[in-house]
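Below is one structure; the comments refer to it alone.
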Amino acid sequence: MCTIAMAMAAANIIAEAEAEQREQEKHGANQSETLLRWEREQMLLRENLITCNTEAWQSHPDFLGLQRIGGVDLSYIKEDDTVACASLVVLSYPELKVIYEDCHLVTINVPYVAGYLAFREVPVLVDAVQKLLEKDPCLMPQVLFVDGNGILHHRGFGVACHLGILTDLPCIGVAKNLLQVDGIENNDDHKEQIRELQSGGDFFNLTGSSGAILGAALKSCSKSSKPVYISVGHKISLETAVRLVHSCCQYRVPEPTRQADIRSREFLCKNRSQNI
DNA sequence: GCGACAG
DNA sequence: ATCTTGTCGC
């Protein structure tokens with residue numbers, strides 16, 4: 001009696017373990033399959049990328065004609081990495097006053113994988129832009145500042161490029177940390193170059209081992225010792241992007257990004273009861 | 001074992 | 001991304 005029950009229990013345990021094993025293998029296979037799929041998608045979308053100025057205001061010394069800049073951001077809660085607040089703000093230019101704000105809770109089931117940030121964050125941002133288009137097309141930004149990188153990326157197609165292609169909006173990647181790619185390193189040389197930046201607006205280009213200029217390190221305001229890393233997302237040149245970002249910096253992080261950041265965090269705090 | 005790792 | 005207080009300085 002006992003032995004039969006024990007054998008059955010053992011068989012169950014073994015069966016469960018085997019099922020678990022198959023599940024993990026399937027999961028593992030799916031993960032590498034997913035990465036390959038993502039990589040192919042980045043390569044395909046990259047064919048449509050435009051890395052020069054396309055709008056008249058971009059060439060103007062004072063960006064005459066530019067009236068609206070968008071900023072996007074996602075904030076997360078520590079308890080559950082599938083719960084986040086997505087925010088899209090639009091600021092008037094050159095006043096940099098918020099004229100549109102959209103914060104809302106989202107569920108995200110895609111993990112963060114370095115080099116594939118877009119697959120986690122871009123879908124909800126595209127939704128936010130779509131919502132603005134339907135609700136208030138007059139407030140559509142003429143350029144978007146995106147947290148993260150543009151072409152300064154393992155495969156030359158970071159989140160700012162991805163969002164630019166999917167929305168057809170000019171986009172600029174503004175990263176707070178250097179993504180070390182194509183021979184660009186945060187080494188002593190790099191740190192020395194940073195120390196040499198004198199005042200707000202000073203910058204140096206980031207040149208990959210291929211010789212291509214992939215981005216720039218910008219001392220965004222005179223007080224910040226740490227630069228922001230600018231790279232082309234879509235439909236704007238690096239020179240214009242650097243100039244424009246600097247013109248939006250009251251603090252280290254440019255105002256559109258900063259407002260999106262602040263407001264999405266506040267929204268999460270305010271709605272904390274619903275999150276947990 | 002060590003360093004890297006946008007958000 | 002998030003956790004997390006004060007502290008030193010202008």
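Below, chains carry the letters A, B, ... as their sequence lines are ordered, and counting in each starts from 1.
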Could you tell me the separation between the [atom1] atom of [X] and the [atom2] atom of [N], rounded to a whole number of Å?
X        : N     : atom1 : atom2 : result
A/Tyr229 : B/dC5 : OH    : C1'   : 15 Å
A/Leu178 : B/dC5 : CG    : P     : 7 Å
A/Asn149 : B/dA4 : CG    : P     : 17 Å
A/His153 : B/dG7 : NE2   : P     : 12 Å
A/Lys223 : C/dC8 : NZ    : P     : 20 Å
A/Asp261 : B/dA6 : CG    : P     : 16 Å
A/Gln180 : B/dA4 : CD    : C1'   : 7 Å
A/Leu152 : B/dG7 : CG    : C1'   : 14 Å

Shortest side-chain distance from [X], nucleotide among [options]:
X        : options             : result
A/Lys176 : C/dA1, C/dT4, B/dA6 : C/dA1
A/Leu117 : B/dA4, C/dC3, B/dA6 : B/dA6
A/Arg265 : B/dG7, B/dA6, C/dA1 : C/dA1
A/Val159 : B/dA6, C/dT2, B/dG7 : B/dA6
A/Leu179 : B/dA6, B/dG7, C/dT2 : B/dA6
A/Ser75  : C/dT2, B/dG7, B/dC5 : C/dT2
A/Tyr76  : C/dT4, B/dC5, C/dA1 : C/dA1

Counting C-beta onward and ignoring hydrogens, is there a side-chain heavy-atom pair between A/Cys52 and A/Thr240 closer than 4.5 Å?
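No - every pair of side-chain heavy atoms lies 4.5 Å or more apart.
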### Task
Indicate, with yes or no, if the rings of A/Phe267 and A/His104 have centres closer together than 6.0 Å.
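When the ring centroids of A/Phe267 and A/His104 are compared, they turn out to be at least 6.0 Å apart.
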* Is the Lys NZ or Arg CZ of A/Arg155 less than 6.0 Å from the centre of A/Tyr116's six-membered ring, within 45° of the axis? -> yes
- Item | Six-ring centre of A/Phe63, A/Arg243 cation under 6.0 angstrom, axis tolerance 45° |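 Positive - A/Arg243 is close enough to the ring of A/Phe63 and near enough to its axis.
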Students often get this wrong, so: under 4.0 angstrom with heavy atoms, is A/Tyr116 touching a base, only sugar-phosphate, or nothing?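 A/Tyr116: base contact, heavy atoms under 4.0 Å.
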For A/Gly115, report the nucleic acid contact type (base, sugar-phosphate, nothing); a contact means any heavy atom under 4.0 Å. base
Closer than 4.0 Å, any side-chain N/O of A/Asn177 to the OP1 or OP2 of B/dC5? no
Classify the side-chain pair A/His190/A/Asp188 by whether it contains a donor and acceptor separated by less than 3.5 Å.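 Not at all, the side chains of A/His190 and A/Asp188 share no donor-acceptor pair under 3.5 Å.
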In whole angstrom, give me the gap between the C1' atoms of B/dC5 and C/dT2.
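Per the computed distance, 15 Å lies between those C1' atoms.
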Original post:
On a whole-Å scale, what distance lies between the P atoms belonging to B/dC2 and C/dT5?
Top reply: 31 Å
